[in-house]
Amino acid sequence: MNTLKNAKIQLKEAISEAFKKAIAAGDLPEAQEPNYIIEIPADRKNGDFATNAAMAGARNFRTSPVNIARAILNNIELENTFFERCEIAGPGFINFFYSDSFYASVLKDVEDEKDNYGSSDYGQGKSINVEFVSANPTGPMHMGNARGGALGDCLAAVLKKAGYNSYREFYVNDAGNQIEKFACSLEARYLQLYKDDIEFPEDGYQGSDITDHAKAYAAEFGDKLVEASSDERKKALVDYALPKNIAKMQSDMKKYKINYDKWFFESTLHDSGKVKAVVDLLTEKGLTYEKEGAVWYKNKEVCTNILLNEGKTQDYIDKLELKDDVLIRQNGNPTYFTADIAYHKDKFDRGFETCIDIWGADHHGHVMRMKGAMDAIGYDGSKLVVVLMQLVKLVSGGQVVKMSKRTGKAIQLGDLLEEVPVDSARFLFNTREANTQMDFDLDIAVQKDNQNPVYYVQYAHARICSILKALKKDGFEPRSCTADELKLLKADEEKELINHIASFSTEIEAAAKEYDPTKITRYVTQTATLFHKFYNACRVKNEDESLMQARLALCLAVKTVIKNVLDMFNIECPESM
């Protein structure tokens, strides 16, 4: 158990024992120990931990919080804990202050755990599927995919650090209506190379990549498809172009340092009969009906019941304007929604306790009906977690950038990775929570100075490596310190930094609980800031050998924390810059 968690447990036991002693001594009347909170104050001047135990006990003990607080202070034993003293504040809060042994113990934790420092068993090995990006394979990946890729990959990394068995997945929509539209678009562009009277479909894909595929096919195979049937022509063009698009996606993701555990193809759901099976299952449960030749799902009924069970009023529900959804079109083809239900069912059937989807904010209306569909087929919709991601704008020189300098076309993920270092992109996209709009500053992303957050963090690591090299040249090597030597770290800057290091595992757990990896980028940026503050205030090379070694131990602890975060996020951790 890490020192911070151990300190909280010690404090809980000490307060509980103080209540018992106060009752036995007659300082408090006989009563049940109240429920109370032990937490770290926002301002550490108010203590390292604080509790509202006295205020929470006013009703039970029928006396003022201040009297209860005094009784606790008179009976509490802090010996053999990480606390040296406590005091009453305000109307009855009790503040506790660490002893030097706490700070020494934190640094010993880091020294002992090394690469594993910050890890937690919070997730208890539960399996979590993180599905992200899942871009339509009919065209290039865009900036939203760049943000979703960084968020999803780093979230999966945080979950693993927090003790979950996380699994990365990309869902490839290689079937359904969008593939038919892709086929018609390719067919039109191909035929336009040989005929003048070919109209392009109104709802076709207008991107230049469609024309490029058609020209590439023609350059390789000529006009052999001109006289073929439309079905044969479309199949040949899709079979040629789609694998190239998917290969480009996989190449871009690899360049972005994202390695998926599985690329799941929608077509396998149709081929295996799982899409039809989910329609049959909903029908068996009485949740479908036929209208105008199509099969419909009773989405309105399902979602209404869920909301009523959650305590929502009918007026609230009416304002949502819930509607039923088509499962099977008049032409007999299943909708995207039907395949999506089958896909999520398949994920749960594969043994994942929780399935996380990272979607664009424009899919917010899809969240409730997908959760409801999981409940409808007998699964727990609350185990489907959807992280909604807001838009990202590229900015340079204070102006929004929409076109690539290189191609003169809309910026794609591949363009971004050619202009911006991958580490900068991965880090910067994780500096703002998913639910906030983001300006991605291209100028900052390419800078090699402290304006660039990832450079700032990497520099702190490199600076520590430089300190170690310089001391080694002077004949000084770090060594393991005794607890008494580590207790020499008494400066405010030293204690503030160690306090921050102590909270690493807690921050990992919070990020996992809230599905928010940006907490960790902020944490490691603050780590760098506090290190620079310490380094400027406290001279590491020192005539007092014991103090020098203690400060070296602190430097090494910071180095370990920064490396563990950057390694976790698959970002380079340089030793010199």
Side-chain angles (χ1 to χ4, degrees), residues 35 37 122-124 126-132 134 148 151-152 155 158-159 162 164 166 171 278-279 281-289 291 295-327 335-390 433-437 509-519:
N35 293 321
I37 297 170
Y122 175 79
Q124 298 180 332
K126 295 176 182 176
S127 293
I128 292 189
N129 182 299
V130 186
E131 183 226 320
F132 58 102
S134 297
L151 283 168
L155 173 56
V158 165
L159 290 167
Y164 289 96
S166 60
Y171 181 52
V278 84
V279 177
L281 179 58
L282 288 167
T283 300
E284 288 171 16
K285 291 178 176 291
L287 294 173
T288 66
Y289 60 92
K291 185 176 75 172
V295 178
W296 293 70
Y297 161 61
K298 297 179 181 177
N299 174 66
K300 183 176 181 179
E301 176 185 318
V302 170
C303 290
T304 296
N305 289 335
I306 291 171
L307 291 168
L308 288 172
N309 288 334
E310 291 177 355
K312 299 293 191 295
T313 65
Q314 189 61 53
D315 285 345
Y316 171 87
I317 296 170
D318 290 343
K319 289 177 182 178
L320 295 176
E321 298 182 348
L322 299 170
K323 297 178 181 179
D324 289 346
D325 287 293
V326 175
L327 294 177
T335 61
Y336 178 86
F337 179 54
T338 313
D340 217 13
I341 298 173
Y343 172 51
H344 284 85
K345 179 180 183 299
D346 182 87
K347 285 198 277 192
F348 283 115
D349 287 344
R350 281 185 269 148
F352 295 107
E353 287 206 31
T354 302
C355 293
I356 300 173
D357 293 343
I358 296 181
W359 293 348
D362 56 332
H363 287 73
H364 72 277
H366 191 49
V367 176
M368 184 186 297
R369 62 179 186 158
M370 184 53 60
K371 284 175 170 282
M374 292 298 100
D375 284 331
I377 60 175
Y379 294 74
D380 184 353
S382 70
K383 297 294 186 181
L384 171 59
V385 176
V386 179
V387 176
L388 291 176
M389 181 183 62
Q390 294 289 342
E433 294 94 334
N435 62 1
T436 61
Q437 288 195 351
E509 291 178 6
K513 184 178 180 180
E514 298 176 30
Y515 309 114
D516 181 15
T518 67
K519 284 182 175 296

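Computed from heavy atoms alone, side chains included, the values below leave out hydrogens, waters and symmetry copies.
- Within a 6.0 Å radius of CD in Glu310, more than 12 heavy atoms belonging to other residues, nucleotides or ligands are found.
- When atom types are taken as modelled, the side chain of Lys383 and the backbone of Met374 share no donor-acceptor pair closer than 3.5 angstrom.
- Here the NZ atom belonging to Lys323 is positioned 13.5 Å from the SG atom belonging to Cys303, to the nearest 0.5 angstrom.
- In Lys513, the NZ atom is not crowded: 12 or fewer heavy atoms of neighbouring residues, nucleotides or ligands sit closer than 6.0 Å.
- Side-chain atoms of Asp318 and Gln314 form a donor-acceptor pair, as typed in the model, at a separation below 3.5 Å.
- In plain terms, the two heavy atoms of Trp296 and Lys291 that are nearest each other are NE1-O, 3.4 Å.
- Note: His366 and His363 have perpendicular aromatic rings, judged against thresholds of 30 and 60 degrees for the angle between ring planes.
- The nearest pair of heavy atoms linking Ala342 to Val278 is CB-CG1, 4.2 Å.
- Partners of Asp380 under the salt bridge (charged side-chain N to carboxylate O under 4.0 Å, His left out) rule, at least two apart in sequence or in another chain, do not exist in this structure.
- Distance check, rounded to the nearest 0.5 Å: CG of Leu307 to CD1 of Ile317 gives 5.0 Å.
- No side-chain donor-acceptor contact under 3.5 Å links Thr288 to the backbone of Leu282.
- Asp315 and Lys319 are not joined by a salt bridge, as no carboxylate oxygen comes within less than 4.0 angstrom of a charged side-chain nitrogen.
- One N or O on the side chain of Lys371 and one on the backbone of Leu384 form a donor-acceptor pair closer than 3.5 Å.
- Remark: of the listed residues Val385, Leu155, Ile356, Ile356 is the sole one forming a side chain to side chain contact (heavy atoms under 4.5 Å, CB included) with Ile128.
- Nearest heavy-atom pair, Phe132 versus Val130, reported as atom, atom and distance to 0.1 Å: CD2-O, 3.5 Å.
- Between atom CG of residue Asn129 and atom OG1 of residue Thr354 there is a gap of 10.0 Å, rounded to the nearest 0.5 Å.
- The minimum heavy-atom distance linking Ser134 with Tyr171 is given by the pair OG-N, 3.0 Å.
- Between the side chains of Asp324 and Tyr289, at least one donor N or O lies within less than 3.5 Å of an accepting N or O.
- To the nearest 0.5 angstrom, Asp340 atom CG is 7.5 Å from Phe337 atom CZ.
- In plain terms, the two heavy atoms of Glu131 and Lys347 that are nearest each other are OE1-NZ, 3.1 Å.
- Rounded to the nearest 0.5 angstrom, Arg350 CZ and Lys345 NZ are separated by 12.0 Å.
- Not a single ring pair (Phe, Tyr, Trp, His ring centres under 6.0 Å) links Tyr122 to another residue, sequence neighbours left out.
- Atom NZ in Lys300 sits 10.5 Å away from atom CG in Leu320 (nearest 0.5 Å).
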Inset, instruction - Walk me through it: do Asp516 and Val158 pass the test side-chain contact (heavy atoms from CB on, under 4.5 Å)? - result: CA-CA 9 Å; Asp516 181 15; Val158 165; over 6 Å; no

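- In terms of heavy-atom proximity, Glu353 sits nearest to Phe348 at O-CE2, 3.9 Å.
- Side chain of Asn299 to main chain of Asp325: no donor-acceptor pair is present (N/O by atom type, distance under 3.5 Å, no hydrogens or angles).
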